[in-house]
There are 2 protein chains.
Amino acid sequence: MIRVENLVKVYSTGAIRVEALRRLNLEVGRGEFVAIMGPSGSGKSTLMHILGCLDTPTSGRYFLDGEDVSQMEGNDLAAIRNRKIGFIFQSFNLLPRLTAVDNVELPLLYRGLPARERRRRAEALLEKLGLGDRLHHRPAELSGGQQQRVAIARALAGDPPLILADEPTGNLDSHSGLEVMQTLLEVHASGHTVVLITHDASVAAQAERIVRLRDGLAEEGQKEKGE
Amino acid sequence: MIRVENLVKVYSTGAIRVEALRRLNLEVGRGEFVAIMGPSGSGKSTLMHILGCLDTPTSGRYFLDGEDVSQMEGNDLAAIRNRKIGFIFQSFNLLPRLTAVDNVELPLLYRGLPARERRRRAEALLEKLGLGDRLHHRPAELSGGQQQRVAIARALAGDPPLILADEPTGNLDSHSGLEVMQTLLEVHASGHTVVLITHDASVAAQAERIVRLRDGLAEEGQKEKGE
Ligand SMILES: Nc1ncnc2c1ncn2[C@@H]1O[C@H](COP(=O)(O)OP(=O)(O)OP(=O)(O)O)[C@@H](O)[C@H]1O
Ligand SMILES: Nc1ncnc2c1ncn2[C@@H]1O[C@H](COP(=O)(O)OP(=O)(O)OP(=O)(O)O)[C@@H](O)[C@H]1O
Ligand SMILES: [Mg+2]
Ligand SMILES: [Mg+2]
């Protein structure tokens, strides 16, 4: 499903130049559940943004379902993103003026679902994540962990084939964290591909494989789960 | 240093009414290191904002150094906040147009320190937290864990007697998390009072005492460290 070849991302503005990804190679098979770990600043979120079609690499190739998206732009990239990818951001990125349920319905607008079906699905997901009594709160009226769970529900709402989760349990107590992992495991079991960044070894242990990043490079295949 | 009596906080806007804190009682002695744990949505950040003089309770009392601040407003509250409290926010709240080092210098402006001394202190703190090569990056040019460390440095810059840390290691790998805890333990050892919210039991274990919140109430004294 995902094949990344010699991916390079250089941030360069004014006096600043950072090589965030340095010829990174990675493959994720359709239906796999992969965890990505690595030190703060090692390039994980940068990689995720490229995988999520939210950013383009400086050089190198990214094949999503066999299609080279690394040179796509604007509307083409957005179309693929909306159809294929659910993204859980490290800092949530909820729309501040929309309620929880409206935030979750957003991906469903693109799919032409009728209003009642959008609402039903959004409510069901939020209830599953323990937010049934917070449907009409705006992000500023939610705790950190509640905002995180709204971001998760939004990513899953459209049932996309690829789920990218950047630190989905960072703000959650053990109980809510278990609920989230339960939900991701169910999504995976129903055939979806899941790539998850985490600093929590007990979360990573629930994936099928762990890829470790260090200084913009992936130690692919050298650090298998259980080693 | 901190005494909170029958603290109540009710959020009430339109159809929404949430009792976030429900007659909460808590004491923290000068120089103590207390961890606060509890489920997502149990009222931890709400309590922290009141302790940090960023919000006022609906009812109840908050004595900071023997002074009743629960009925203070505006400038008086701000003055106490700037002089006495360093706050690490769950979502960082860095100023987006300032660089890392400028963000960290901010609390020092209130103290009339000369520019060269402000810069020296800010740089020293950032270097200690592994960000010596990120001084001139703006928040959007930093990873999640790097932003978190800038927020920590900013809270410590003015050497305030009370440090309030809301999930300071949530976005950090184990190595950076250890560096942060090391720094907080040093600050505590030099006489400061530290109150820290965390979902991580291994972080809470480094405090002298753990207070557990559930549904807006503190189980004070019933769950001591090691029980
Ligand atoms: N402005 C608001 N209006 C209405 N309800 C609110 C508001 N802010 C917070 N709440 C609610 O108050 C409760 C306590 O929120 P708080 O942020 O203190 O939780 P928390 O313990 O810090 O949770 P977490 O571990 O997820 O960060 C939550 O259930 C939240 O939905
Ligand atoms: N716009 C930018 N300009 C310059 N440097 C950047 C920019 N965005 C990110 N960086 C740098 O690129 C590196 C990788 O950042 P990235 O966000 O991918 O790290 P990460 O592995 O997700 O870290 P964390 O675990 O802390 O979230 C970091 O060192 C960061 O400072
Ligand atoms: Mg990141
Ligand atoms: Mg909180």
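Side chains included, hydrogens not; waters and symmetry mates left out as well; all remaining heavy atoms used. Convention: sequence-line order gives letters A, B, ...; per-chain numbering from 1. These figures come from a predicted structure and were not determined experimentally.
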Handout entry: Side chain / backbone / both / neither for A/Ser174 at chain B, heavy atoms under 4.5 Å
Key = neither
Handout entry: Residues in residues 137-152 of chain B near chain A [non-hydrogen atoms, under 4.5 Å]
Key = B/His137, B/Glu141, B/Ser143, B/Gly144, B/Gly145, B/Gln146, B/Arg149
Completion exercise
Counting heavy-atom pairs under 4.5 angstrom with chain A, the leader among B/Ser176, B/Gly177, B/Pro39 is B/Pro39
Completion exercise
Applying a strict 4.5 Å limit to non-hydrogen atoms, the region of A/Thr13 in contact with chain B is side chain
Handout entry: Side-chain donor-acceptor contact under 3.5 Å, A/Asn171 with B/Glu167
Key = no
Practice task
Enumerate by number any residue of residues 40-53 of chain B whose heavy atoms lie under 4.5 Å from heavy atoms of chain A; in the absence of such residues, state 'none'.
Solution key: B/Ser40, B/Gly41
Handout entry: Any side-chain heavy-atom pair of B/Arg134 and A/Val18 under 4.5 Å
Key = yes
